[in-house]
Amino acid sequence: MTITYETDEPVHYKVEGPVATLTMDRIRYNNVQNSQMTYALDAAFKQAVDDDDVKVIVLAGAGKHFSAGHDIGTPGRDVDKSFDRKHLWWDHVGREGGEKLFVREQEVYLGMCRRWRDIPKPTIAMVQGACVAGGLMLAWVCDLIVAADDAFFADPVVRMGIPGVEYFAHVHELNARIAKEFLFLGERMSAERAYQMGMVNRVVARDQLETETYAIANRIAAMPRMGLALAKQVVNHIEDLQGKRAGMDNAFGYHHFAHVHNTLVQGDTLAGFDGKAMAKSQRKAEGGE
């Protein structure tokens, strides 16, 4: 399969004062994440961590949407391409059976998200429009989420027979009963409801999103670097004691059982869905076209 990248720079990096901004830029495809983008994000996060002048990191998406999830159907889908891996799993390319997907997703999804969650500097997701499936993972690894009033959140992958995205933080971002509703229905959750559930820190008018996000970032940047790092370490540790990491490992195993089951029953790891089919099914389920 030929891979056609629409850009050589899927992530832009900018520093203003003590704040670094990482902006995903695959606007044509609503910032869906292929491996090219994922490794570019990792490089940009590392650049921000290594820069002593950067105190806070903002993650943004260019255009109308923050991120519509994993790339499951664009010309830039690069599931069979090798990259310079950042963890100690071997290359997934050329592997057979469930090994290929399990190894790849340990690297680019679960592994990368855990790596970014543990960044010692405060991170803020600045979310507008769609934050769907894999987009949730990118927002959830950040310490704070500031959402525009047009933002919406969804994890519709149960339609594929899959229990949820790989970085399964649903029960920690939402209480258990709301997490079940979120997954069972796969419907959009508005920014306002996400705020009421505690998943989002602030909801602001779309035209004020950048202003409000950077105001918060700069107030955080005025705090002592080590105090921020230690406070983040403590909260993350308590989340893990509450079962976040262990639960995620369990969910990841079920996720890959679902891929194998789909392959055996339907001949495809994603139960025949691509990006367009998933979007259409979600609109239909919510009473749209």
Kindly determine whether Phe182 and Glu173 satisfy side-chain contact (heavy atoms from CB on, under 4.5 Å), including the steps that lead there.
CA-CA 11 Å; Phe182 190 63; Glu173 298 291 341; over 6 Å; no
Distance (rounded to the nearest 0.5 Å) between Arg115 CZ and His87 NE2:
5.5 Å
Under a 4.5 Å cut-off applied to non-hydrogen side-chain atoms, are Met137 and Ser67 in contact?
no
Does atom CD of Gln233 have more than 12 heavy-atom neighbours from other groups under 6.0 Å away?
no
List the atom of Lys232, the atom of Arg117, and the distance in Å for their closest heavy-atom pair.
CE-O, 3.3 Å
With clusters defined by side-chain heavy atoms of hydrophobic residues (ILVMFWY) lying less than 4.5 Å apart, directly or transitively, does Ile178 cluster with Phe153?
yes
Would you say that Met112 contacts Glu107 through its side chain, given a criterion of any heavy-atom pair below 4.5 Å between the two side chains?
yes
Could you check whether any side-chain N or O of His92 sits under 3.5 Å from a backbone N or O of Arg104, counting only pairs where one atom can act as donor and the other as acceptor?
no
With a sphere of 6.0 Å drawn around OH of Tyr195, does it hold more than 12 non-hydrogen atoms of other residues, nucleotides or ligands?
no
Where do Val200 and Ala147 come nearest, in terms of heavy atoms and distance?
CG1-CB, 3.9 Å
Within a 6.0 Å radius of atom CG on Leu88, are there more than 12 heavy atoms belonging to other residues, nucleotides or ligands?
no
Same hydrophobic cluster for Phe45 and Leu136, using side-chain heavy-atom links shorter than 4.5 Å among ILVMFWY?
yes
Side chain to side chain donor-acceptor pair (under 3.5 Å) with Arg26: which of Thr7, Asn31, Asp71?
Asp71
Just by distance, do the side chain of Asp91 and the backbone of Ser82 share a donor-acceptor pair under 3.5 Å?
no
Going from CE on Met189 to CE on Met197, what distance comes out if it is rounded to the nearest 0.5 angstrom?
6.5 Å
If we ignore hydrogens and angles and just use 3.5 Å, is the side chain of Lys86 paired with the main-chain N or O of Asp42 as donor and acceptor?
no
Are Trp116 and Val15 connected into the same hydrophobic cluster when the rule is that any two of I, L, V, M, F, W, Y join if their side-chain heavy atoms are below 4.5 Å apart?
yes
According to a hydrophobic-cluster definition based on side-chain heavy atoms being under 4.5 Å apart (Ile, Leu, Val, Met, Phe, Trp, Tyr only), do Leu59 and Val203 belong together?
yes
Do the charged groups of Arg114 and Asp240 touch, with an N to O distance under 4.0 Å?
no
pair Arg206-Asp149: side-chain heavy atoms closer than 4.5 Å:
yes
Pair Val165-Tyr109, side-chain contact (heavy atoms from CB on, under 4.5 Å): steps then yes or no:
CA-CA 9 Å; Val165 290; Tyr109 296 153; over 6 Å; no
Consider only side-chain heavy atoms of I, L, V, M, F, W and Y, link residues closer than 4.5 Å, and tell whether Leu41 and Ile124 are in one cluster.
no
Do the side chains of Phe252 and Met248 get nearer than 4.5 Å, heavy atoms only?
no
Over 60° means perpendicular and under 30° means parallel, so tell me whether His170 and Trp140 are parallel, tilted or perpendicular.
perpendicular
Interatomic spacing from NZ in Lys180 to CG in Asn175 - rounded to 0.5 Å:
10.0 Å
How long is the span from the CG atom in Leu185 to the CZ atom in Arg159, to the nearest 0.5 Å?
8.5 Å
Donor-acceptor under 3.5 Å (Asn30 side chain, Val32 main chain)
no
Does the side chain of Glu105 come under 3.5 Å of the side chain of His256 through a donor N or O and an acceptor N or O?
yes
Okay, side chain of Asn218, backbone of Tyr214: is any donor-acceptor separation there less than 3.5 Å?
yes
Is it the case that the side chains of Tyr5 and Asp78 hold a donor-acceptor pair, with the cut-off being a distance below 3.5 Å and no angle test?
yes
Residue His237 excluded, over 12 heavy atoms near NE2 under 6.0 Å
no
Ile162 versus Leu270: any side-chain heavy-atom pair under 4.5 Å?
yes
Exercise: identify the closest heavy-atom pair between Met126 and Phe66:
O-CD1, 3.5 Å
Close side-chain approach of Gln36 to Lys81, heavy-atom, < 4.5 Å
no
One pair to check against side-chain contact (heavy atoms from CB on, under 4.5 Å): Asp80 and Ile3. What are the steps and the verdict?
CA-CA 9 Å; Asp80 293 314; Ile3 300 169; over 6 Å; no
Hey, would you say the Phe168 and His255 ring centroids sit under 6.0 Å apart?
no
Using atom types as modelled and distance alone, determine if a side-chain donor or acceptor of Asn34 lies under 3.5 Å from a backbone N or O of Arg77.
no
Flag side-chain contact, heavy atom, 4.5 Å: Gln33 against Val108:
no
How long is the span from the OG1 atom in Thr213 to the CG atom in Leu144, to the nearest 0.5 Å?
9.5 Å
Looking at every heavy atom in both Arg202 and Ile216, which two are closest together, and how far apart are they?
NH1-CD1, 3.8 Å
Are more than 12 heavy atoms from other residues, nucleotides or ligands located less than 6.0 Å from atom CZ of Arg28?
no
Counting N and O atoms only, with roles assigned by atom type, does the side chain of Asn201 sit under 3.5 Å from a partner on the main chain of Ile145, one being a donor and the other an acceptor?
yes
Please check this pair: side chain of Gln128 against backbone of Gly63, looking for a donor-acceptor N/O pair closer than 3.5 Å.
yes
Kindly determine whether Arg193 and Glu187 satisfy salt bridge (charged side-chain N to carboxylate O under 4.0 Å, His left out), including the steps that lead there.
CA-CA 12 Å; Arg193 190 171 190 221; Glu187 294 175 348; over 6 Å; no
When rounded to the nearest 0.5 angstrom, what is the spacing between CZ in Phe184 and CZ in Arg177?
10.5 Å
Going through the distances and angles, do His261 and Gln266 end up as a side-chain contact (heavy atoms from CB on, under 4.5 Å)?
CA-CA 8 Å; His261 179 71; Gln266 296 175 268; over 6 Å; no
Min side-chain heavy-atom separation Lys55-Ile220 under 4.5 Å:
no
Is it true that atom CD of Glu6 has more than 12 heavy atoms of other residues, nucleotides or ligands lying nearer than 6.0 Å?
yes
Please name the pair of heavy atoms, one in Cys142 and one in Ala125, separated by the smallest distance, quoted to 0.1 Å.
CB-N, 3.6 Å
Closest heavy-atom contact between Pro156 and Val132?
CD-CG1, 3.8 Å
With no hydrogens and no angle check, just 3.5 Å: does a side-chain donor-acceptor pair link Thr269 and Asn262?
no
Kindly check if the number of other-residue, nucleotide or ligand heavy atoms within 6.0 Å of CD (Glu212) is above 12?
yes
Can you confirm whether Asp50 is buried at CG, in the sense that more than 12 heavy atoms of other residues, nucleotides or ligands lie under 6.0 Å from that atom?
yes
